[in-house]
Amino acid sequence: MKIILSVMLLAISTAITFAQKPSDWQKNFPSKINWYKVSDAGVLLVATKDALYGLSPEGQEVWKAEDIENIKESNLDIIENTPYIVLVKTGLIKGTNKVVDVVTGKTLFNSADNGLANVTKRLYLPKSNKLIFYGGSKNGALMLLMVDLSTGQKVWEQTKIFEKNSEQIVSEAGELNDAVLIATTKRIYKLSKATGEEMYNIDMKSDMPVVAPKQKKGGMFGGFKALGGNNEDANEMQTMTSADFFQHKDDNSFYFWNQDILTKFEAATGKEMWKRFELPSPVAYILHDSRGMLIATAEKRQEDVAKANNGGGGLLGKIKSKNASGKNRASLYLIDPATGTEKWNSDIDLKGDVLAYKLAGNKLILATQKDDGDNYISIADLDAGKSVTKKPLEIKGEIRDLQMVPTGLYYRTTDQINILDLESGDKTWKKGFKVKQCVGYNDEGGIGYISANDMIYKMNFNTGEMEELVKGLGFNKNEDPSSLQILDNKIFIASEQNANLYDKDGKLVYHTYVTAPGRTITGKLLSGIGGAASLALGAASAAHSAQLSYAKGYYGSTDPALDGEIKRSNQLAVAGMSSAVSSFQSISKRFKATKQANGFIAMLTNFGNSNMAKDAGVTIVDKATGKRTADMLLGDKTSPDYTIDDLGKVIYYHSDGNTIEGFKF
């Protein structure tokens, strides 16, 4: 590795002070605030003892739902990338699901008003913007019904499809052109999308999903349990599944997997097209490749987890728990998507579940992680069906980047940087290049910038050479950087209280330091955005990772373009029909605001010369200039409760029991 030292740069601190801004608005509620949350549409949801409210970023009460009182946050389900939320209430026998449009506050659907005494399963269909509910009707029969969320109208209901309580839904809903696919503990059903009538069923036993209980004090494991449990689990239980359907390049067939098998069916008739491929453990990830379908299985089966949590007392119990928790069933297979037959002579052993992957010629590089947190890199020769190395290579820290360089595979983790020889798997630097709090960003032209060890390195992936571009960041209080990006062809790097901007020659443009709020303030400035908005904010960084793909959901591809299309499929489906639903315009507007939101950074600070809570607040720093554009005094509390909506450009502050304040910037 060639290292070129640059001249150490002196940090120039710019102090800027001006009057602190009071809140732009205050909203008092008649009862105590239980929780508040920014929705994907930008409406602030505020739950109190008496009602659920929707506030605009300007503090206006957009709506009030008096029939939704004292709801727990754990029983709120935000349907990602939509303006819809589901509010769940359960009792010993009866329970309700209310679907609310957060833009208008209108309750689109109330399960209790449509014949359901309780709900056990809820499945969203993004392509058609519909929701399926399953539960017990008021007359005791099991009912399945579909709701069109565009209108709030019930499309159909069916009460004679499943057997009694012995048959439960275990899958996500598969969506065909004219039908819906649902798997239960006993069968697969194809139902008419228009009427809900059964078109055919297929015998197929599938396991119930397992709910992970809340961690108990005094032990790492609390034991897993089958569906059931207390009211706080209701929302999770209604959406948790253990099986799924998917299609790939062919509308005339569909694939199905559960905890034990993967197979393929003809969509029109339900005829099985494969000999069932038996899985050693559940599907962890499926990658579509030109050679076939790559199947990565999970580290453990459900029974392994159960045994690890319920080994029993005494020495024998501890031995059972250790053996079960130590099992690793993760493997990589190549399957012919037409026939289901294996294309390799044997599988390739992995260590843990897939976190990230990258195709380099005929070699697939997989970053995996075991349950105990250990990280590994596996290199599979896809043509030969063999691992390049004798076993997965253990690495220090979590993978942040994978790049091909002339000497092999460059990898960067949170703890080290190294290069792997793709033929032997040997590390070029035997001990690795150790780093601390490493952050990085990959620019155009095969150039990457990495900050670690109080420096900024420039990495040329075309040559495999690294140089020290900036030596000594000059961050006050010796803070470690937390983010790095390319902004208007300059290098922006920041920590909790520091921000620097450099040109690409390593010359300092500005250094800004914001005084920390003091030890008495324990709050953290949490972003309130989620769903499509948060994905959009991260899209720029992801695009510059040069086709390093992070595992999301269950499906991806070794082809970067197809990989992105697969991961965006639900968002694209929702966007495709958004013009028919006015409330989707709020999400579209916020999505377009992500570029602007990327131009500033918010920092906690103290506006006085003390560590007193009364002097604490938030300042907004313009990344392009380093100037503070807004100062907002919060104060009064040692653990202030606030969140920032980056896209709405507002900080929400829960200042006392029944008051929310808003600071616009």
| field | Residue pair Ile660, Phe29: steps toward the side-chain contact (heavy atoms from CB on, under 4.5 Å) verdict | value | CA-CA 8 Å; Ile660 293 280; Phe29 296 89; 3.9 Å; yes
| task | Tell me yes or no: between the side chains of Tyr124 and Asp77, is some donor less than 3.5 Å from an acceptor? | result | no
| ring-ring contact (aromatic ring centres under 6.0 Å, His included) against Phe492, all qualifying residues, sequence neighbours excluded | none
| said: Between Ile68 and Ile85, does the side-chain contact (heavy atoms from CB on, under 4.5 Å) criterion hold? Intermediate values first, please. | reply: CA-CA 12 Å; Ile68 306 173; Ile85 59 173; over 6 Å; no
| Would you find a donor on one side and an acceptor on the other, under 3.5 Å apart, between the side chain of Trp35 and the backbone of Leu45? | no
| query | Taking it one step at a time, do Asp40 and Glu80 satisfy side-chain contact (heavy atoms from CB on, under 4.5 Å)? | reply | CA-CA 7 Å; Asp40 280 2; Glu80 197 172 87; 4.1 Å; yes
| query | So, the side chain of Thr195 versus the backbone of Ser192: is there a donor-acceptor pair under 3.5 Å, distance only? | reply | no
| Any donor-acceptor N/O pair, Gln497 side chain to Val514 backbone, under 3.5 Å | yes
| message | Between Glu157 and Asn114, is there a side-chain donor-acceptor contact under 3.5 Å, judged purely by atom types and distance? | response | no
| Asn489 side, atom CG; Asp443 side, atom CG - distance, nearest 0.5 Å | 7.0 Å
| field | Set of side-chain contact (heavy atoms from CB on, under 4.5 Å) partners for Lys138, sequence neighbours left out | value | Ala117
| task | Report the residues that fulfil side-chain contact (heavy atoms from CB on, under 4.5 Å) with Ser56, sequence neighbours left out, ordered by chain and then residue number. | result | Glu58, Gln60, Val62
| Nearest non-hydrogen partners of Asn177 and Lys193, listed with the distance | O-NZ, 3.7 Å
| task | Check whether any side-chain heavy atom of Trp156 lies under 4.5 Å from a side-chain heavy atom of Leu144, and answer yes or no. | result | yes
| query | Under 3.5 Å, is there a donor-acceptor pair between the Asp622 and Thr629 side chains? | reply | no
| query | Is there side-chain contact between Phe109 and Asn97, with heavy atoms separated by less than 4.5 Å? | reply | no
| field | Backbone of Gly95 reached by a side-chain donor or acceptor of Asn118 within 3.5 Å | value | no
| said: Testing the basics here: between Ala47 and Ile71, what is the closest heavy-atom pair and its distance to 0.1 Å? | reply: CB-CG2, 4.1 Å
| Say you draw a straight line from NZ of Lys121 to CD1 of Ile132; how long is it, rounded to the nearest 0.5 Å? | 12.5 Å
| task | Run the numbers on Leu131 and Arg122 for side-chain contact (heavy atoms from CB on, under 4.5 Å), then give the verdict. | result | CA-CA 7 Å; Leu131 203 55; Arg122 183 177 67 251; 4.1 Å; yes
| Quick one: are Val99 and Phe133 in side-chain contact, heavy atoms under 4.5 Å? | yes
| Tyr285 (side chain) donor-acceptor with Tyr555 (main chain) under 3.5 angstrom | yes
| Atom CG in Asn500, atom CG in Leu473: separation rounded to 0.5 Å? | 6.5 Å
| Flag, side chain of Thr605 to backbone of Gly617, donor-acceptor distance under 3.5 Å | no
| Heavy-atom side-chain proximity of Glu496 to Leu604 below 4.5 angstrom | no
| query | Counting only N and O atoms by type, is there a donor-acceptor contact under 3.5 Å from the side chain of Glu175 to the main-chain atoms of Ser128? | reply | yes
| field | Exam field: side chain Asn606 to backbone Pro517, donor-acceptor pair closer than 3.5 Å | value | yes
| Hey, does the side chain of Ser23 reach the backbone of Gln26 with a donor-acceptor pair shorter than 3.5 angstrom? | no
| field | Which residues share a side-chain contact (heavy atoms from CB on, under 4.5 Å) with Thr96, sequence neighbours left out | value | Lys89, Asn110, Ser111, Ala112
| field | Contacts of Lys98 that satisfy salt bridge (charged side-chain N to carboxylate O under 4.0 Å, His left out) - sequence neighbours left out | value | Asp67
| query | Do Phe663 and Tyr642 have their ring centres less than 6.0 Å from each other? | reply | no
| Nearest-0.5 Å distance that lies between atom NZ in Lys49 and atom CG in Asn34 | 9.0 Å
| message | Does any part of the side chain of Asn129, heavy atoms only, come nearer than 4.5 Å to the side chain of Tyr84, both counted from C-beta? | response | yes
| CG of Asp480 to CG of Asn498: how many Å apart, nearest 0.5 Å? | 10.5 Å
| request: Could you tell me whether the side chain of Leu123 reaches within less than 4.5 Å of the side chain of Tyr134, counting heavy atoms only? | output: no
| query | Between OH of Tyr653 and CD1 of Ile651, what distance do you get to the nearest 0.5 Å? | reply | 11.5 Å
| Where is the tightest heavy-atom contact between Ala602 and Ile620, given as atom of each residue plus distance? | CB-CD1, 3.7 Å
| Taking the side chain from Lys64 and the backbone from Gly105, do they hold a donor-acceptor pair closer than 3.5 Å? | no
| said: Looking at every non-hydrogen atom in both residues, tell me the closest pair between Trp63 and Val103 and how far apart they are. | reply: CD1-O, 3.8 Å
| query | Where do Pro481 and Val439 come nearest, in terms of heavy atoms and distance? | reply | O-CG1, 4.0 Å
| query | Who passes side-chain contact (heavy atoms from CB on, under 4.5 Å) against Gln369, sequence neighbours left out? | reply | Leu355, Asn375, Glu398
| note | Of all heavy-atom pairs linking Gly59 and Leu55, the shortest is O-CD2, 4.4 Å
| query | Side-chain contact, heavy-atom cut-off 4.5 Å: Lys649 with Phe600? | reply | yes
| message | With heavy-atom distances below 4.5 Å as the criterion, would you say the side chains of Leu108 and Lys106 are in contact? | response | yes
